[in-house]
Amino acid sequence: MIEKVDNMARKNDAQPATAGQGSPIMMVLQVLLIGVMALNTYLLWDTRNIAATASVASGHAEPEIVEPVFLNIAPFTVNLASDQYGPRLLYAGLTLELPSEKMKELLTKNMPQVRNRLLVLLSGQQAEQIAKSEGKKTLASNIAKALSEPYSSDEEILINDVLFTEFIVQ
């Protein structure tokens with residue numbers, strides 16, 4: 001019986017010794033895993049620092065919020081191209097969204113030319129086309145293009161958006 005207990009003690013002593021020792025491949029894999037995790041953490045931290053440094057160095061702060069500038073154009077009535085229903089009319093009011101007060105002043109100064117360009121452009125439209133949503137979008141794009149052409153000076157006009165405030169086709 002003592003021999004049996006002695007053998008058991010020897011087996012128990014031998015088991016923890018072998019359990020604590022891993023194969024060399026497992027140890028290498030553990031070291032590599034820890035190394036990869038450390039490198040990944042460093043690169044992530046370093047990338048954030050580089051991005052923050054680049055942002056500060058280039059002087060890019062938060063984008064400045066610019067209030068939109070609007071120019072209302074008084075409503076007017078124009079004859080549309082005749083169609084199967086005969087002569088048609090368009091009653092339209094517009095507001096232009098502009099990037100700056102300077103553009104607003106330039107367009108206000110040239111308002112007779114602005115209204116003339118609008119009347120000429122609108123008088124050639126087909127009622128059936130501009131009554132649809134897609135037609136209004138196309139018309140707004142064409143208005144922006146027509147009003148962006150230079151006036152008496154060679155200064156370029158920028159128009160952010162054309163907004164219809166009144167629009168009746170009869």
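Quick caveat: nothing in here was measured; it's all calculated off a predicted structure.
When the shell of 6.0 Å around CD1 of I25 is examined, it contains 12 or fewer heavy atoms from other residues, nucleotides or ligands. Counting heavy atoms of neighbouring residues, nucleotides and ligands inside a 6.0 Å radius, atom CD of Q126 exceeds 12 of them.
Residues passing the side chain to side chain contact (heavy atoms under 4.5 Å, CB included) test with T108, sequence neighbours excluded: L71, K104. Residues meeting the side chain to side chain contact (heavy atoms under 4.5 Å, CB included) test with K136, sequence neighbours left out: F164, F167.
The distance from atom CD1 of I73 to atom CG of L107, rounded to the nearest 0.5 Å, is 7.5 Å. Distance check, rounded to the nearest 0.5 Å: OG of S141 to CG of D161 gives 10.0 Å. Of the inter-residue distances, the one linking E97 atom CD with N160 atom CG reads 5.0 Å to the nearest 0.5 angstrom. One finds the CG atom of L80 at 10.5 Å from the CD atom of Q170 (value rounded to the nearest 0.5 Å). Separating the CD atom in E105 from the NZ atom in K109 is a distance of 9.5 Å, to the nearest 0.5 Å. Of the inter-residue distances, the one linking R88 atom CZ with I130 atom CD1 reads 9.0 Å to the nearest 0.5 angstrom.
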Starting from the C-alpha separation in whole Å, work towards a yes-or-no answer on side-chain contact (heavy atoms from CB on, under 4.5 Å) for L90 and I168.
CA-CA 6 Å; L90 169 66; I168 300 172; 6.0 Å; no
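Residues M103 and E156 approach most closely at CE-O, 3.5 Å, considering heavy atoms. Closest approach of A127 and V169 over heavy atoms only: CB-CG1, 3.6 Å.
Cluster membership for L163 and L139, using ILVMFWY side-chain heavy atoms within less than 4.5 angstrom, is not shared. F70 and M111 are members of different hydrophobic clusters when ILVMFWY side chains are connected at heavy-atom separations under 4.5 Å.
Side-chain atoms of T77 never come within 3.5 Å of backbone atoms of Y91 as a donor-acceptor pair (strictly under, hydrogens ignored).
With respect to I157, the side chain to side chain contact (heavy atoms under 4.5 Å, CB included) criterion is satisfied by exactly one of L147, N110, L106, L98: L106.
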Name every donor-acceptor pair, under 3.5 Å, that has one atom in a side chain of residues 117-124 and the other anywhere in the protein, sequence neighbours excluded.
{"residue": "R117", "atom": "NH1", "partner": "A146", "partner atom": "O", "Å": "3.1"}
{"residue": "R117", "atom": "NH1", "partner": "E149", "partner atom": "O", "Å": "2.9"}
{"residue": "R117", "atom": "NH2", "partner": "P150", "partner atom": "O", "Å": "3.0"}
{"residue": "S123", "atom": "OG", "partner": "L119", "partner atom": "O", "Å": "3.2"}
{"residue": "S123", "atom": "OG", "partner": "V120", "partner atom": "O", "Å": "3.0"}

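With contacts defined as side-chain heavy-atom distances shorter than 4.5 Å, the pair L94/V162 qualifies.
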